[in-house]
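Here is the structure we will look at, set down as structure tokens.
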Amino acid sequence: MIKYLGSKRRLVQTISALASGCGASTAADLFTGTTRVAQELKRQGAFVTAVDTATYSEVLAQCYVSTDARAVDHAELVEAIGELNGLPGRRGYFTEVFCEKSRYLRPENGARVDVIRDAIEDRYRASSLYPIVLTSLLEAADRVDSTTGLQMAYLKQWAPRSFLPLSLRVPELLVGPGRSIRADARKAVASIGPVDFAYLDPPYNQHRYFTNYHVWETLIRWDAPDYYGVACKRVDSKNASTHSDFNSRQTMPAALADVVGRIDATVVVVSCNDESWIGREDLVAMCAARGHVEILEFDSKRYVGAQIGIHDLTGQKVGRVSHLRNVERLAVCGPRTEVLGALEAWHRQVQSSAEVGSFSRAPRRRVPLGPGAVGSAGGEALR
Ligand SMILES: C[S@@+](CC[C@H](N)C(=O)[O-])C[C@H]1O[C@@H](n2cnc3c(N)ncnc32)[C@H](O)[C@@H]1O
């Protein structure tokens, strides 16, 4: 699975247990990113709608969420991947910009990306294999990149993996239907639902995914944009249309409250962490509009860039990493019976699994539910 800031690799089993605990047969993953969570919900049998603004995320969702593995000719797919793997490299825009002017991949692998991406456009643009072979290429590039996970700065030395030859693999498709939507969550929310379960995992700070993952954005769009800066970011990064309400301290809390309030779902799970602009109290208050609220907290390692440190092209460290761990927080909200049912199922299924780490429920407190009403948020610690 690809490296992604804020990816919920360690929380996937928890989220999926919460969904199964409320018997979800329909679900939405509103900031789907890598589609990890959406994939797990689909694996569980739910019809999932995956939403994100990123073009690469849409393609990942088309591959893993909306493609039904039964509808794909596996032999044709294997042949397509084999043919693409056999193409000799040819230097083009990608090599020049991302391997010579910046250092995302080694130039020999960049030349393979150039030729394979052109071939995908020529041969598969109108085929149902298109998002699948694109996903395969994106994942292949990620396996041999020379980053700490972000496409904004560089490792001091080429990463050892970057010397490996770029090689496409057949993505592991999932059985069943699903839906992929590229849209702002605030707009998409009106057309999603009703669903049994919704997972909301917005960005928590000013770091924009559009710039952090600009190489993927260009790899998928294949539009050879003008670029600027040491990382060769797309010039349209400067356009307001590529900005998100969820990346601004001023707009994020209201934007999230808007989506939490309007999503047509029975149980809603909202992710935040202790570095977010939304503190625990505010999160509870926001979710209380939907009924009962429980908070789960997980001690967690921060993203890999924080562990290694970030360097510029000359190998100098860029900035200082202040801390290496944080607390991931899940607010589970909705009708009391469903929320408690979800928590019980989670408790049964994953309490002993390695994923969980330390966790607690919020201390009991009273929170307003609306005019004249109160509800409880959380209870005693789960053991
Ligand atoms: C914390 S990441 C989600 C990670 C994801 N849960 C995973 O496990 O891979 C936040 C995601 O929100 C997306 N995003 C940012 N602004 C958005 C918006 N206004 N509407 C929908 N998605 C948005 C970003 O592209 C990014 O993929």
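For ligands, and for the atoms within them, numbers begin at 1 and follow the listed sequence.
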Check each N or O atom of ligand 1 against all protein N or O atoms and list the pairs under 3.5 Å, with atom names and distances to 0.1 Å, one per line.
{"unit_1": "ligand 1", "atom_1": "6 (N)", "unit_2": "D201", "atom_2": "OD2", "d": "2.6"}
{"unit_1": "ligand 1", "atom_1": "8 (O)", "unit_2": "K8", "atom_2": "N", "d": "2.8"}
{"unit_1": "ligand 1", "atom_1": "9 (O)", "unit_2": "T34", "atom_2": "N", "d": "3.0"}
{"unit_1": "ligand 1", "atom_1": "9 (O)", "unit_2": "T34", "atom_2": "OG1", "d": "2.6"}
{"unit_1": "ligand 1", "atom_1": "16 (N)", "unit_2": "S244", "atom_2": "OG", "d": "2.8"}
{"unit_1": "ligand 1", "atom_1": "19 (N)", "unit_2": "D184", "atom_2": "OD1", "d": "3.2"}
{"unit_1": "ligand 1", "atom_1": "19 (N)", "unit_2": "S244", "atom_2": "OG", "d": "3.3"}
{"unit_1": "ligand 1", "atom_1": "20 (N)", "unit_2": "A185", "atom_2": "N", "d": "2.8"}
{"unit_1": "ligand 1", "atom_1": "25 (O)", "unit_2": "D52", "atom_2": "OD1", "d": "2.7"}
{"unit_1": "ligand 1", "atom_1": "27 (O)", "unit_2": "Y4", "atom_2": "OH", "d": "2.7"}
{"unit_1": "ligand 1", "atom_1": "27 (O)", "unit_2": "D52", "atom_2": "OD2", "d": "2.7"}

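- Just one residue in the list R161, R103, R106, Q151 forms a side chain to side chain donor-acceptor pair (under 3.5 Å) with D145, and that residue is R161.
- The distance from the CZ atom of R90 to the CD1 atom of I116 is 11.0 Å, given to the nearest 0.5 Å.
- Neither side chain, T53 nor D184, offers a donor N or O lying under 3.5 Å from an acceptor on the other.
- Between the side chains of Y56 and Y4, at least one donor N or O sits under 3.5 Å from an acceptor N or O.
- Taking hydrophobic clusters as Ile, Leu, Val, Met, Phe, Trp and Tyr residues chained together by side-chain heavy-atom distances below 4.5 Å, I132 shares a cluster with V59.
- Counting only N and O atoms by type, the side chains of N205 and S276 include no donor and acceptor under 3.5 Å apart.
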